[in-house]
Visitor: 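Take a look at the following structure, please.
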Protein chains: 2
Amino acid sequence: MASAPDRTPYPIAARLLLRDTLLDAMRDALAQRPWAEVTMADVARAAGVSRQTLYKEFGTRDAFGQAFVVREGARFLDAVEQAVRAHLDDPHTALEAAFDVFLTAAAEDPLVRMVLRDDGTEGMLPLVTTQSQPLVAGAAQRLASVMHDGWPQAALADVELLAECLVRLAISYAMLPTGPANMTAHSVTTLLGPYLEQALGEQR
Amino acid sequence: MASAPDRTPYPIAARLLLRDTLLDAMRDALAQRPWAEVTMADVARAAGVSRQTLYKEFGTRDAFGQAFVVREGARFLDAVEQAVRAHLDDPHTALEAAFDVFLTAAAEDPLVRMVLRDDGTEGMLPLVTTQSQPLVAGAAQRLASVMHDGWPQAALADVELLAECLVRLAISYAMLPTGPANMTAHSVTTLLGPYLEQALGEQR
DNA sequence: CTCCATATGTTGGCGAGCTTGACACGACTG
DNA sequence: CAGTCGTGTCAAGCTCGCCAACATATGGAG
């Protein structure tokens with residue numbers, strides 16, 4: 001025991017730091033003005049790097065935006081993951097709690113509210129819809145990992161399908177709620193619960 | 001309001017990250033073997049950096065060691081600063097609490113205990129004695145700042161003298177205790193309290 | 001419609017910093 | 001005494017971020 005926790009090497013840490021600094025700079029900027037009015041030059045300057053470094057790291061403005069929403073989404077996934085792990089003994093409740101905590105958090109998040117206010121001119125909407133492939137894929141991947149860890153008896157393919165649908169539903173309901181978070185969570189769980197239970201029951 | 005909290009620019013953050021990574025690597029290594037058996041190459045490799053980068057950043061092994069003890073000492077100063085700020089209304093108690101919290105924390109710290117076990121062959125002892133100029137200066141500087149902030153009526157020179165003596169006494173008692181922490185703290189406070197009170201009273 | 005301003009994306013040249021490999025020096029060991 | 005190991009230094013090479021400039025939309029003002 002007591003072996004080194006394998007410290008992250010400096011070059012890797014530095015790269016992550018660069019990305020984080022840039023993403024954080026965008027986050028700060030968005031607190032004051034909409035997405036469309038934040039230029040790449042603004043972000044670079046706020047992060048203390050040149051515009052070209054920003055382009056080299058993320059390629060294009062869209063890609064940068066995708067990386068941004070992916071990272072912001074990861075914050076929600078922290079809460080979701082926690083909710084799932086807290087109810088590993090009861091999959092039905094786990095699903096409902098996870099969905100509820102996500103919708104509640106999303107409804108309160110200032111960035112999410114900014115997206116909802118978007119009349120189409122602020123340009124952030126595509127990032128969570130037509131351009132949201134990385135966001136959906138990343139979130140589904142991570143959610144699938146959590147469920148696969150907690151319920152290893154389920155087939156991976158089943159879990160991945162469920163995870164992706166959950167993510168898509170979550171985004172959809174976050175953008176266009178039909179009722180209070182807990183009601184929506186209950187409905188979705190009613191809809192998908194049987195599938196999950198079947199997947200958990202059918203030991204291969 | 002709401003203006004940016006002036007995010008630390010990436011180049012500066014990267015430099016700090018480099019130093020921290022190297023210092024942390026040394027800290028990890030010291031958990032397994034004594035100072036003298038940790039080579040510069042070990043540290044560089046663990047940090048994911050070349051040996052020359054380590055030398056360029058810190059110059060020499062001694063300087064690296066000094067930077068190391070300075071940073072480790074800063075952790076104690078966090079606790080000390082908190083103790084002082086908690087008793088700004090009663091300087092006497094502030095001194096005693098600060099000294100007590102320091103000695104107690106030091107007595108429990110694994111790195112400090114390692115220094116105390118040093119029979120002279122492990123090579124870490126000079127860093128807190130003959131080579132400790134940066135440590136003493138840095139700690140005294142910071143402690144003086146804390147006191148100057150809390151008691152602005154005291155002359156800066158008085159505060160700086162007191163801070164340096166406190167630091168030197170603290171190191172001395174940490175290395176060679178004469179009794180339990182609270183007793184020592186009380187004694188030192190009895191000794192230096194009058195000076196502090198006079199400095200606080202003598203409004204210029 | 002034209003002209004100007006602004007932001008995105010790209011390119012080439014430049015400098016700083018990290019790396020590799022080698023070497024001199026001193027200390028410790030067989 | 002030779003061999004080994006760690007410190008400290010150097011030169012050359014390369015990566016990466018920086019700067020300056022440019023081409024290309026897009027949008028607004030006259």
Side-chain angles (χ1 to χ4, degrees), chain A residues 7-26 29-30 32-68 119-127 130-131, chain B residues 7-26 29-30 32-68 119-127 130-131:
Chain A
R7 178 161 307 290
T8 35
Y10 170 74
I12 296 175
R15 185 164 219 85
L16 292 179
L17 174 65
L18 174 58
R19 295 177 67 91
D20 275 347
T21 307
L22 288 165
L23 262 0
D24 286 347
M26 174 56 93
L30 285 180
Q32 298 176 350
R33 51 196 197 280
W35 170 267
E37 289 177 21
V38 180
T39 98
M40 299 293 269
D42 291 339
V43 174
R45 189 168 352 97
V49 302
S50 79
R51 199 166 57 95
Q52 287 67 20
T53 302
L54 172 56
Y55 275 102
K56 187 161 298 180
E57 187 60 36
F58 290 99
T60 155
R61 180 182 169 89
D62 277 347
F64 180 55
Q66 288 168 7
F68 180 74
D119 58 352
T121 62
E122 294 182 351
M124 208 166 161
L125 202 51
L127 291 176
T130 52
Q131 313 276 351
Chain B
R7 179 160 308 289
T8 29
Y10 170 73
I12 297 176
R15 185 167 216 86
L16 292 179
L17 174 64
L18 174 58
R19 294 177 67 92
D20 274 347
T21 306
L22 288 165
L23 261 359
D24 286 347
M26 173 57 93
L30 285 180
Q32 298 176 350
R33 50 195 196 282
W35 171 267
E37 290 178 21
V38 179
T39 94
M40 297 292 269
D42 292 339
V43 174
R45 191 170 349 98
V49 134
S50 82
R51 200 165 56 94
Q52 285 65 22
T53 301
L54 205 182
Y55 276 102
K56 186 157 299 183
E57 188 60 36
F58 289 100
T60 156
R61 179 182 170 89
D62 277 349
F64 179 56
Q66 288 169 6
F68 180 74
D119 58 351
T121 62
E122 294 182 352
M124 209 165 159
L125 202 50
L127 290 176
T130 52
Q131 313 276 352

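Note on naming: letters A, B, ... go to the chains in the order of the sequence lines (proteins, then strands), and numbering restarts at 1 for each one.
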Visitor: Is there a side-chain contact (heavy atoms from CB on, under 4.5 Å) between B:Phe64 and B:Glu57 once you walk through the steps?
Guide: CA-CA 9 Å; B:Phe64 179 56; B:Glu57 188 60 36; over 6 Å; no

Visitor: Just how far, in rounded Å, is P of D:dT15 from CD of A:Glu57?
Guide: 17 Å

Visitor: List the steps and the verdict of side-chain contact (heavy atoms from CB on, under 4.5 Å) for B:Thr21 and B:Val49.
Guide: CA-CA 9 Å; B:Thr21 306; B:Val49 134; over 6 Å; no

Visitor: Between atom OH in A:Tyr55 and atom P in D:dA21, what is the gap in whole Å?
Guide: 19 Å

Visitor: Choose from C:dG9, D:dC18, C:dA7 the nucleotide whose nearest atom is closest to any side-chain atom of A:Thr39.
Guide: C:dA7

Visitor: Looking only at atom types and distance, does a side-chain atom of B:Gln131 sit under 3.5 Å from a main-chain N or O of B:Gln66, one as donor and one as acceptor?
Guide: no

Visitor: Check the phosphate of D:dG17 against A:Thr53, side-chain N and O only, distance under 4.0 Å to OP1 or OP2. Yes or no?
Guide: no

Visitor: Indicate, with a heavy-atom threshold strictly under 4.0 Å, whether B:Leu54 touches base, sugar-phosphate, or nothing.
Guide: nothing

Visitor: Consider the side chain of B:Ser50, meaning its heavy atoms from C-beta on, and name the nucleotide among C:dT20, D:dG8, D:dC18 that approaches it most closely.
Guide: C:dT20

Visitor: Run the side-chain contact (heavy atoms from CB on, under 4.5 Å) check on B:Thr8 and B:Leu16 step by step: do they pass?
Guide: CA-CA 11 Å; B:Thr8 29; B:Leu16 292 179; 5.9 Å; no

Visitor: In this structure, how many angstroms lie between the C1' atom of D:dG17 and the CZ atom of A:Arg15, rounded?
Guide: 11 Å

Visitor: Rounded to the nearest angstrom, tell me the gap between atom CG in A:Leu18 and atom P in D:dT15.
Guide: 18 Å

Visitor: Hey, which sits more toward the 5' end of DNA chain C by its nearest nucleotide, A:Thr60 or A:Tyr10?
Guide: A:Thr60

Visitor: Does CZ in A:Arg15 sit with more than 12 non-hydrogen atoms of other residues, nucleotides or ligands closer than 6.0 Å?
Guide: no

Visitor: Given atom CG of B:Asp62 and atom P of D:dG6, what is their separation to the nearest angstrom?
Guide: 17 Å

Visitor: Please state whether the base of D:dG6 and the side chain of B:Glu37 form at least one donor-acceptor pair under 3.5 Å?
Guide: no

Visitor: Would you kindly give the CD-to-C1' distance between B:Gln52 and D:dT9, to the nearest whole Å?
Guide: 9 Å

Visitor: Tell me the interatomic distance from B:Arg51, atom CZ, to D:dG6, atom C1', rounded to whole angstroms.
Guide: 8 Å

Visitor: Whole angstroms only, please: what is the CZ-P distance between A:Arg61 and C:dT10?
Guide: 15 Å

